[in-house]
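In what follows, a structure is listed as structure tokens, so that the remarks can point back to it.
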Amino acid sequence: MLGTSNNRVFVRTAPTIAMAAATLDDLTGGRFILGVGSSHKVQVEAEHGMTYGKPLTRVRETVEVIRLLLQQGRVSYQGETLRIAGFDLWFSPRHATIPIYASAVSQKMTALCGEIADGIILTRSTLATAAVVREQLTDGRGGPAGTLARSPSPRSCRRP
């Protein structure tokens with residue numbers, strides 16, 4: 001398994017993340033997990049010189065664009081935080097789907113992870129907070145408690 005942990009959606013474009021993910025997925029023979037996250041205002045603005053705003057929307061739209069590019073190879077997208085005019089990967093990804101994990105610290109981002117992601121990357125989490133995180137993920141997934149899917153084991157992550 002190879003995973004990227006947290007690609008920051010404010011400092012890397014969605015197409016750039018999708019290209020890197022498709023390439024790494026190919027190089028690993030389908031044993032790749034993409035990680036994305038919003039980072040935080042201080043790091044994005046002060047350290048990278050980029051504008052930080054609407055992190056939930058930006059993560060949602062970035063994941064949507066990445067999935068569209070992996071499936072279709074080309075995308076035009078008009079969202080609230082992303083606008084892309086006819087981006088083309090110029091190659092066909094080995095797989096049309098790649099597991100995408102999202103990072104979360106806040107309750108709203110955790111719920112968003114439950115809604116749009118295949119897994120979650122946590123920081124500052126303990127066994128004591130696990131039940132609360134599970135509930136927030138389930139809220140985002142829109143199902144009753146206990147309906148979250150389990151992460152695949154590394155051996156089962158290889159895709160044909």
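Bear in mind the structure is a predicted one, so any value in this text is a computation, not a measurement.
Under the 4.5 Å side-chain heavy-atom criterion for grouping Ile, Leu, Val, Met, Phe, Trp and Tyr, Leu24 is not connected to Leu69 through any hydrophobic cluster. Val65 and Phe91 fall within a single hydrophobic cluster, where Ile, Leu, Val, Met, Phe, Trp and Tyr side chains are chained together by heavy-atom contacts under 4.5 Å. Linking Ile, Leu, Val, Met, Phe, Trp and Tyr residues whenever their side-chain heavy atoms come within less than 4.5 Å leaves Ile98 and Met19 in two separate clusters. Note: the hydrophobic cluster containing Val75 does not contain Leu70 (ILVMFWY, side chain heavy atoms under 4.5 Å, direct or indirect links). Under the 4.5 Å side-chain heavy-atom criterion for Ile, Leu, Val, Met, Phe, Trp and Tyr, Ile100 and Leu56 are members of the same hydrophobic cluster.
Contact between Gly37 and Ser103 at its shortest, heavy atoms only, is CA-OG, 3.3 Å. Listed here is the closest heavy atom pair of Leu34 and Ala21: CD2-CB, 4.1 Å. Closest approach of His95 to Gly30, counting heavy atoms only: CE1-CA, 3.5 Å. Nearest heavy-atom pair, Ala104 versus Leu122, reported as atom, atom and distance to 0.1 Å: O-CD2, 3.9 Å. Residues Ala20 and Arg12 approach most closely at CB-NH2, 4.0 Å, considering heavy atoms.
At least one side-chain heavy atom of Tyr77 sits less than 4.5 Å from a side-chain heavy atom of Glu64. Using a 4.5 Å heavy-atom cutoff, the side chains of Ser39 and Val11 are not in contact. Ile120 has its side chain out of reach of Tyr101: every pair of non-hydrogen atoms, C-beta onward, lies at least 4.5 Å apart.
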Fill in: Working for side chain to side chain contact (heavy atoms under 4.5 Å, CB included), residues Val59 and Ile116
CA-CA 9 Å; Val59 169; Ile116 67 166; 4.1 Å; yes
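Heavy atoms from other residues, nucleotides or ligands lying under 6.0 Å from CD of Gln71 number more than 12.
Here the side chain of Asp88 pairs no donor or acceptor atom with the backbone of Arg74 at under 3.5 angstrom. Between the side chain of Glu61 and the backbone N or O of Thr81, at least one donor-acceptor pair lies under 3.5 Å. Of the possible donor and acceptor atoms, one in the side chain of Arg58 sits under 3.5 Å from a partner among the backbone N and O of Val9. The closest donor-acceptor contact from the side chain of Asn7 to the backbone of Gly35 lies under 3.5 Å. In this structure, the side chain of Arg67 does not engage the main chain of Thr97 through any donor-acceptor pair within 3.5 Å.
Here the CD-CZ distance, from Glu47 to Arg8, works out to 8.5 Å after rounding to the nearest 0.5 Å. In this structure, Arg60 CZ and Cys113 SG are separated by 11.0 Å, a value rounded to the nearest 0.5 Å. Distance check: Phe32 CZ to Thr23 OG1 gives 9.5 Å after rounding to the nearest 0.5 Å.
Classification of Arg94 and Asp25 as a salt-bridged pair fails, no side-chain N sitting under 4.0 Å from a carboxylate O.
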